[in-house]
Amino acid sequence: MTIRTARPAATNRKTWTRDRYRGIENLLLPSFGPDLRTLDEDAIRRDVRAAIAHGCFSTLYASLGHDVSTTIRALEVACDEAGGRILVGAFTEYPTLAPNVALVRGAAAAGCSHVLTMYPPQMTPRSEQEVHDYLQALIDAADIGIVLYATPHPGIEAFDPTGVALDVFDRLADLPTVAALKLTQTIDPTLARICCARFGDRLAINCVPLELMPLLAREFDIVWSGQWAVEGVQGPDRRLVAEYVALIAGKKFEAAEALYWTLHPAYKLFSAFQVPKLKLGGHPWQHLKYYQWLTGGNGGLVSVEGQSLDQVGKLLPGDREKIHATFAKLGIAVTRAAEHQFITGVEAADRGVGAEAFVRRPFYE
Ligand SMILES: N[C@@H](CC=O)C(=O)O
C-alpha cells in the first residue's frame, strides 16, 4: 500500500493549517463484520469517498474504543483511499497515555495530517502541570498537526473554573505543530469567545456549534467546523453545512443567518440526539452511523467498546422516522436501500452478507 503524506514540515504547520483547514470535516467511523470486531476495510474506503462527496476537506477517524492496532490499520486504509484528495485525522480518545502515544505515532506513519488531542475524561489531574505534561507527551510523540480540544473537564475545574486548562493551552499554542483549537458543541458561549480572543492569533479555530458561528465570526476569523457528523444536517447534493461555513468564512452574515434557519430543523434534531450524550461523555454513535448511511456512507451497526447505553443511547424506529421526515422537509435526499441494509452496511451487503448474520445489535432497535 502506498501511503501519500498530506502534511507539511513542523516549521510551517500553523500557516499550512490556516490555508488548508477551511470548510467542514466529518467523522470517519469504523464498520465491522457480523462479529462486530473485524474491520471492514472496503467500508472505510467507501466512507472516505462519501466524505469527499459531502464536500469535506478532512475526515477524522474515531476508534469507538477499539484497540490501537485496529485504529492504525483503519487510518492506513483511509489515507490510502484519500490519496491526497482529503485530509485524514485521528483522535487521542483512549483513557491512558500509552495507547494514545502509539496512536499519534501510527497516525503520523499512516499519513494523517493531524490529531485531535484531549486530557482523558477518565483521569483526574492533580495539577495543571500534569495536564500540560500529558498533552506535551502527545505533541512530542510525532511530527503531526495538533488540534487542542476546548471541552470542559470536571477535574480541571479545580485549577481553572472554565474546565478548560486555558493557561496550559497558552503555553502549548506557541509550539510549531500545535495548529488549531476545537470548540465543542456544548461550549459555554463566553468561554468560546475567550478561546477565540486568547488563541485565535496562533490557532485556527474550529467551531462545532453552528449557532455561535455568526456571533464569533463578526469579531474573529472562523473558517472551519469539524470533527462532528455533518451528515446529520446535510447531504452530498444539499451541502447545507458546507455552504453555511463558507458564508461565515466570507463574513456574509445576512446570508449565513438566513441559511441557519433553513438548516435549523435538521440541526435541532441532530442536537437533540447528540447534546445529552455529550454531557454524559458519550455520543449517539448509532444515530451518527445511520445519518451517514442515509446520505451515501457505508452504514453498518456501530460497535462501541467502553461506553454505556446511557452514553450512546439506542437508535429507535421513532428516531429514524423523525430523521426521514426532517430530511424530506429540507430536500436532503436519502438512500433508496431497504432499512435492513443499514445493519450490514453497503459493502457487506454487496458481498452477500445478510442482516440476519448480525445477531448482536447493540444500541439499535
Ligand atoms: N465531540 C464533538 C462532536 C462530535 O460529534 C464535540 O465536541 O462537539
Side-chain angles (χ1 to χ4, degrees), residues 21 23-30 47 50-51 54 56 58-65 89-95 100 114-122 146-154 156 162-165 169 180-189 191-192 195-196 199 203-213 216 222 224-234 241-242 244-245 263 266-295 297 302 304 306-307 311-313 315 319 323 363:
Y21 289 52
I24 54 171
E25 177 187 57
N26 75 342
L27 293 178
L28 180 59
L29 304 177
D47 282 338
H54 271 269
C56 297
S58 179
T59 187
L60 182 111
Y61 185 81
S63 74
L64 305 188
F91 180 26
T92 63
E93 59 193 313
Y94 293 106
N100 286 316
H114 57 285
V115 286
L116 171 64
T117 55
M118 73 170 170
Y119 188 81
Q122 300 89 341
I146 299 292
V147 181
L148 299 176
Y149 194 7
T151 185
H153 184 305
I156 290 171
T162 67
V164 173
F169 282 12
L181 175 73
K182 174 180 178 177
L183 306 179
T184 189
Q185 187 178 5
T186 53
I187 196 164
D188 177 277
L191 176 56
C195 286
C196 292
F199 306 117
L203 306 177
I205 304 290
N206 160 19
C207 183
V208 179
L210 300 181
E211 67 277 23
L212 292 188
M213 292 186 101
L216 295 173
I222 306 287
W224 71 293
S225 180
Q227 300 154 346
W228 64 281
V230 295
E231 299 87 347
V233 192
Q234 71 160 38
V241 186
Y244 178 70
V245 175
L263 62 78
Y267 181 55
K268 191 172 147 196
L269 181 65
F270 171 82
S271 302
F273 295 134
Q274 173 143 296
V275 167
K277 302 304 171 202
L278 292 181
K279 289 182 177 164
L280 296 175
H283 286 78
W285 297 118
Q286 201 70 276
H287 293 71
L288 305 189
K289 205 78 180 340
Y290 187 71
Y291 274 124
Q292 295 193 334
W293 174 71
L294 281 181
T295 58
V302 291
V304 184
Q307 285 188 18
Q311 288 173 299
V312 180
L315 176 63
D319 298 340
I323 293 169
F363 313 117

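The model shown is predicted, which means the values in this text are computed figures rather than measured ones. Side chains are part of it too, since the values below use all heavy atoms of this structure and drop only hydrogens, waters and symmetry mates. Just so you know, ligand 1 is whichever comes first in the structure, and atom 1 is the first atom listed for that ligand.
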When you check ligand 1 against the protein, what N or O pairs turn up below 3.5 Å? List the atom names and distances, or just say none.
| residue | atom | partner | partner atom | Å |
| --- | --- | --- | --- | --- |
| ligand 1 | 1 (N) | Y149 | OH | 3.0 |
| ligand 1 | 1 (N) | H283 | NE2 | 2.8 |
| ligand 1 | 5 (O) | Q274 | OE1 | 3.4 |
| ligand 1 | 5 (O) | Q274 | NE2 | 3.3 |
| ligand 1 | 7 (O) | Y149 | OH | 2.4 |
| ligand 1 | 7 (O) | T184 | OG1 | 2.5 |
| ligand 1 | 8 (O) | T184 | OG1 | 3.3 |
| ligand 1 | 8 (O) | Q185 | N | 2.8 |

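- Taking the six-membered ring for Trp and thresholds of 30 and 60 degrees, F270 and Y291 have ring planes inclined between 30 and 60 degrees apart.
- H153 places a side-chain N or O within donor-acceptor distance of the main-chain N or O of P120, the cut-off being under 3.5 Å.
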- Check step by step if side-chain hydrogen bond (donor to acceptor under 3.5 Å, both in side chains) holds for Q185 and S271. CA-CA 9 Å; Q185 187 178 5; S271 302; 3.0 Å; yes
Which donor-acceptor pairs under 3.5 Å do side chains of residues 280-289 form with protein atoms, sequence neighbours excluded?
| residue | atom | partner | partner atom | Å |
| --- | --- | --- | --- | --- |
| W285 | NE1 | Q307 | OE1 | 3.1 |
| Q286 | OE1 | V302 | N | 2.9 |
| Q286 | NE2 | P362 | O | 2.8 |
| H287 | NE2 | D319 | OD2 | 2.9 |
| K289 | NZ | S31 | OG | 2.8 |
| K289 | NZ | G299 | O | 2.6 |
| K289 | NZ | G300 | O | 3.1 |

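- With sequence neighbours left out, A180 forms a side chain to side chain contact (heavy atoms under 4.5 Å, CB included) with T17, V147, A204, W224.
- By the ring pair (Phe, Tyr, Trp, His ring centres under 6.0 Å) test, F169 is found to be paired with no residue, residues two or more places apart in sequence or in another chain being considered.
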